[in-house]
Amino acid sequence: MNCIFCKIVSGEIPSKFLYEGERVVAFEDLNPQAPTHILIVPKSHHENAADLSLGDPSALLEIFKAAKQLANERELEGYRTVFNTGAAAGQSVFHAHLHLLAGRALGWPPG
Ligand code: 5GP
Ligand code: ZN
């Protein structure tokens with residue numbers, strides 16, 4: 001399978017991990033949309049968050065644990081967490097990942 005996030009998880013593409021736990025890693029987004037834009041990614045390959053919840057529920061829990069840890073480390077006042085599911089919703093990498101965004105005013109509703 002030619003999955004960019006599987007390659008990052010395995011180390012085939014070298015990356016700096018901001019968090020690494022049993023089932024999850026986190027790294028900076030290549031094209032940040034906010035001063036803090038971190039991707040929190042399960043080590044197991046599932047196409048989206050809903051599939052992850054069925055296939056590796058422990059990883060889904062660890063993703064939010066990692067979000068909290070990263071927010072605490074950075075003393076973020078608030079942050080937004082986003083899972084895009086499907087191309088129509090903006091998903092471009094089909095390996096589940098949580099966006100952690102912070103550091104600027106975040107509008108609502110999102111674009
Ligand atoms: P999606 O559009 O699927 O919700 O989010 C995919 C995210 O992955 C995008 O924000 C994009 O900038 C980021 N991205 C794509 N390829 C790479 C990569 O090779 N390295 C990193 N660090 N981020 C990537
Ligand atoms: Zn993958």
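Note that ligands are numbered from 1 as they come in the structure, with each ligand's atoms numbered from 1 the same way. The model shown is predicted, which means the values in this text are computed figures rather than measured ones.
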**Residues forming a salt bridge (Lys or Arg N to Asp or Glu O under 4.0 Å) with E20, sequence neighbours excluded** = K43
**Message:** Counting only heavy atoms and a distance below 4.0 Å, can you name the residues contacting ligand 1?
**Reply:** I4, F5, I8, F27, E28, D29, L30, N31, L39, N84, G90, Q91, S92, V93, H97, H99
**Request:** Decide yes or no for K16 and F27: does some side-chain heavy atom of the first lie under 4.5 Å from some side-chain heavy atom of the second?
**Result:** no
**Asked** Should we say atom CD of E77 is surrounded by more than 12 heavy atoms from elsewhere, each under 6.0 Å from it?
**Response** no
**Request:** May I ask you to check whether H99 and H37 place their ring centers less than 6.0 Å from one another?
**Result:** yes
**ILVMFWY cluster, F94 and I4 together (side-chain gap under 4.5 Å)** = no
**Request:** Taking 2.8 Å as the upper limit, name the protein N, O or S atoms near the Zn ion (ligand 2).
**Result:** C3 SG, C6 SG, H45 ND1, H95 ND1
**Message:** According to side chain to side chain contact (heavy atoms under 4.5 Å, CB included), who are the partners of K68, at least two apart in sequence or on a separate chain?
**Reply:** N72
**Check: F17 main-chain N/O paired with S15 side-chain donor or acceptor under 3.5 Å** = no
**Main-chain N/O of D56 paired to R23 side chain as donor or acceptor, under 3.5 Å** = no
**Item:** Name of the residue among E47, H46, H45 meeting side-chain hydrogen bond (donor to acceptor under 3.5 Å, both in side chains) with H95
**Value:** H45
